[in-house]
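A short worksheet on the structure shown next.
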Amino acid sequence: MLKGLVGLVTGGASGLGRATAEQLLKQGGSVLICDLPTSKGSEVAKELGKNVAFAPVDVTAEGDVRSALQTTVDKFGRLDVVVNCAGIATATRTYNFKKNQPFDLKSFQKTIEVNLIGTFNVIRLAAGLIGKNTADADGQRGVIINTASIAAFDGQIGQAAYSASKAGIVGMTLPIARDLSKQGIRVVTIAPGLFRTPLMELLPETAIRDLEAAVPFPPRLGHPHEFALLVQSIIQNPMINGETIRIDGSLRMQP
Ligand SMILES: NC(=O)C1=CN([C@@H]2O[C@H](COP(=O)(O)OP(=O)(O)OC[C@H]3O[C@@H](n4cnc5c(N)ncnc54)[C@H](O)[C@@H]3O)[C@@H](O)[C@H]2O)C=CC1
Ligand SMILES: C[C@]12CCC(=O)C=C1CC[C@@H]1[C@@H]2[C@@H](O)C[C@@]2(C)[C@H]1CC[C@]2(O)C(=O)C=O
């Protein structure tokens, strides 16, 4: 039970973020869904009931994140848990020899900006607010959970930017956990394999079936709910800190 807990979920309008928001609500928490103004965040918040609100946020913009944190305080009184799910998936080869074209540097920078810097931007600003909480009996004030990818470890062809952005999240997890340890704030990263979200549903069913066949067990895409269950376990278990946890059916991506 996470009754009374206040969560902020970036990328909460869709996929893994939305499933996380639903799970926190189901367990008795309140949630601020943060997503792009162009997302379905406002409709999703209405659909999910009264303990949820939407804040239009670009995670790379300091002002947006600061005002979302203020909304959390105004609506729910405080912040206990942040789940960073906002992210973009890009696929471009380092050099396209057919077109004689190198990877566009702006596109590389954008992937790093949203996935890595956006995640850090939310962490650095949210930590100040979570740090104001009264510590529990164990000295804990809150938890920050990030979303990397198994591409951080087994990046495929075309994933130089995406893998670098996700490996950056994995790399900063331990130092941030150490930075925030004195305040009793835990920092944990989840590295998902293949999950059935709108990001994946753009692919034809045949391509999805091929991807599923590559997963040793269970040989299918993960359900977003399964990601949300891991978020719940991390919140509930105070000994999990400074670590990246894979959730991938033991998939190791081929080149
Ligand atoms: N679906 C999958 O198989 C996997 C997903 N991931 C990661 O999980 C996270 C969630 O992905 P999905 O739910 O699958 O994708 P999704 O596309 O369904 O959801 C991502 C959400 O992030 C939001 N977003 C994008 N840029 C943003 C920004 N600058 N500021 C605020 N919000 C922004 C989008 O509007 C969207 O609602 C991403 O970080 C993704 O890289 C990692 C591994 C596997
Ligand atoms: C690039 C992939 C795999 C091959 C394919 O047929 C279609 C794709 C588009 C979506 C990609 C696929 C794969 O690389 C894994 C990721 C990057 C997927 C989007 C999220 C993804 O599941 C991930 O982050 C895995 O770690």
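Whatever order the structure lists them in is the order used to number ligands and atoms, beginning at 1.
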Selection from [options] by shortest heavy-atom distance to [atom]:
atom	options	value
atom 42 (C) of ligand 1	Ala61, Ala148, Gly87	Ala148
atom 41 (O) of ligand 1	Phe195, Phe227, Tyr162	Tyr162
atom 35 (O) of ligand 1	Thr90, Leu36, Asn121, Asp35	Asp35

For ligand 1, is there an N or O atom under 3.5 Å from any N or O atom of Ser14?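 Min N/O separation from ligand 1 is below 3.5 Å for Ser14.
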So for ligand 1, is Lys166 a polar contact partner (N or O within less than 3.5 Å, distance only)?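 Between Lys166 and ligand 1, an N or O pair is found under 3.5 Å apart.
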Salt bridge flag under 4.0 Å for residues [X] and [Y]:
X	Y	answer
Arg186	Asp138	no
Arg66	Glu62	yes
Arg18	Glu47	yes

Val82, Val52: one ILVMFWY side-chain cluster at the under-4.5 Å cut-off?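 No, separate clusters.
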Test Phe103 against every option in Tyr95, Tyr162, Phe108 by the ring pair (Phe, Tyr, Trp, His ring centres under 6.0 Å) rule and name the one that passes. Phe108
Can you tell me which portion of [X] lies within the under-4.0 Å heavy-atom range of ligand 1? Options are side chain, backbone, both, or neither.
X	result
Leu16	both
Arg18	neither
Thr10	neither
Val59	both

Which pair of heavy atoms, one from [X] and one from [Y], lies closest together, and at what distance?
X	Y	result
Val6	Asp80	N-OD2, 2.7 Å
Leu221	Phe195	CB-C, 4.2 Å
Leu79	Gly7	CD1-C, 4.0 Å

Say whether, by atom type as modelled, one donor and one acceptor occur between the side chain of [X] and the main chain of [Y] under 3.5 angstrom.
X	Y	value
Asn121	Val59	yes
Arg141	Gly184	no
Thr10	Cys34	no
Asp154	Met253	yes

Using a strict 4.0 Å cut-off to heavy atoms of [X], name the atoms of ligand 1 that fall inside it.
X	answer
Gly15	13 (O), 18 (O)
Asp58	28 (C), 29 (N), 30 (N)
Thr147	7 (C), 8 (O), 9 (C)
Gly11	21 (C), 22 (O), 23 (C)
Pro198	18 (O)
Leu194	3 (O)
Val114	26 (N), 29 (N)
Pro192	42 (C), 43 (C), 44 (C)

Does some non-hydrogen atom of [X] fall short of 4.0 Å from ligand 1?
X	result
Cys85	yes
Pro224	no
Arg196	no

